[in-house]
Amino acid sequence: MKVYLDNAATTQLDPEVLEAMLPLMTEQFGNPSSIHSFGRAVRSSIERARKNIAGILNAAPAEIFFTSGGTEADNTAIRSSIETFGLKHAITSRIEHHAVLHTLEHLKKLGVIELSFVNLNEKGEVDLGHLDALLASKPRSLVSLMHGNNEIGNLLDLEAAGDICEKYDAIFHSDTVQTMGHYRHDLQKLKTNFIVGAAHKFNGPKGVGFLYVRPGIKIHPFVHGGAQERNMRGGTENIYGIVGLAKALEIAYRDMDAHQAHIEGLKGRMIAKLQSGIEGVTFNGKSAELGESLYTVLSVSLPPSDISDMLLFNLDIAGIAVSGGSACSSGTDIGSHVLNELRIDENRANVRFSFGKYNTEAEIDYAAETLISLYKKESIIL
Ligand SMILES: Cc1ncc(COP(=O)(O)O)c(C=O)c1O
């Protein structure tokens, strides 16, 4: 049996999305910048996609910029706002995705900004009182705090953080890659200046995403070249990706309640099975708190054992795909910067299960039972 439980890394393409993309790979091949009929047909598909995404998020089409994914959108929000507004100070947390952390650390190294880190408690929750205090001493800063953590599933109260940013005239960017398509974002209510999306996290294609920029925030172009994306990002558009992204978001919103109920049920089932099968199992961050954490992510902490090092390998042999830390850097052998921040006992093994709409209860049972039997050393390869 093959079981894919690494949906926070990426998700399977929805066949409905593929269907929407196919014409752009075949007969609609024009360059959207061309003024002839071939170009115009593709241009109108792109603009329809932009309009649909904007409509779903309660924003205007002019506020949506297509990118190559979450990383580019995060980089752009950070770099362009610092450059455009001459910001000298940024605030973030130590458990952000590297798309944010490495960008800010690079700018700090160049001497462009000073960087402060907001305090976190042992569950990785952001101390909003500390954010307030940091901003009180340096008001016009860039604040970059993620909405849903890809490793431990913690959720930030975007409205509360937005109120604090507004109070101090700060620019607020939130990495919403893990929540886009899984939670509803209403940009008339949120006070974020920038949010982002990556299609492959909600059953869309890889290599395409978007950046939302609040009106009134007039940032400089981020890729110099042609006049694409209203002069902001030069380069011929990823036309099938953009159409697939819009379709995937449309489906995600259409089916969100049913998918959330299904996936949350799977997560609860996994928690219950592991708790009854493995003595001393705990869960990192807030990930086991149903309703309080990303319903797609469960970060499991297993008691110290001599099988720890071989756990992911053995799960993989059994056909179960999970992640040990951040999936974006899985394959590398460095420990997770997120789990390190939570001061977790380094002798415990950590497994991140992340669930998607195509997972079934039978798959959860198989994965849980396999992990339990490995733990009981019934079938371990050491
Ligand atoms: C929270 C978060 N931000 C950013 C990214 C990067 O997105 P992309 O792979 O589309 O560049 C990821 C990918 O795992 C993520 O989980």
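When a ligand or atom number is given, it counts from 1 through the structure's own listing order. As the structure is a prediction and not an experimental result, all values here were calculated from the model.
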Can you list the ligand 1 atoms lying under 4.0 Å from a non-hydrogen atom of [X]?
X	result
D74	3 (N), 4 (C)
T71	6 (C), 7 (O), 8 (P), 11 (O)
K201	12 (C), 13 (C), 14 (O), 16 (O)
H200	8 (P), 9 (O), 10 (O)
A198	10 (O)
G69	10 (O)
M146	1 (C)

With a 4.0 Å cut-off on N to O distance, would you call [X] and [Y] a salt bridge?
X	Y	result
R43	E237	yes
K247	E250	yes
E264	K267	no
K273	E369	yes

d(S354 OG, Q178 CD) to nearest 0.5 Å is 7.5 Å
Mind checking whether E96 has a heavy atom under 4.0 Å from ligand 1? no
Do any heavy atoms of E72 fall under 4.0 Å from ligand 1? no
Considering both backbone and side-chain atoms of G70, is one of its nitrogen or oxygen atoms within less than 3.5 Å of a nitrogen or oxygen in ligand 1? yes
Write out all pairs satisfying ring-ring contact (aromatic ring centres under 6.0 Å, His included) with one or both partners inside residues 244-299, taking only residues at least two apart or from two chains. Y183-Y295
Under 3.5 Å, sequence neighbours excluded: what are the donor-acceptor pairs made by side chains of residues 190-199?
residue: K191; atom: NZ; partner: D163; partner atom: OD1; Å: 2.4
residue: K191; atom: NZ; partner: E166; partner atom: OE1; Å: 3.3
residue: N193; atom: OD1; partner: F172; partner atom: N; Å: 2.8

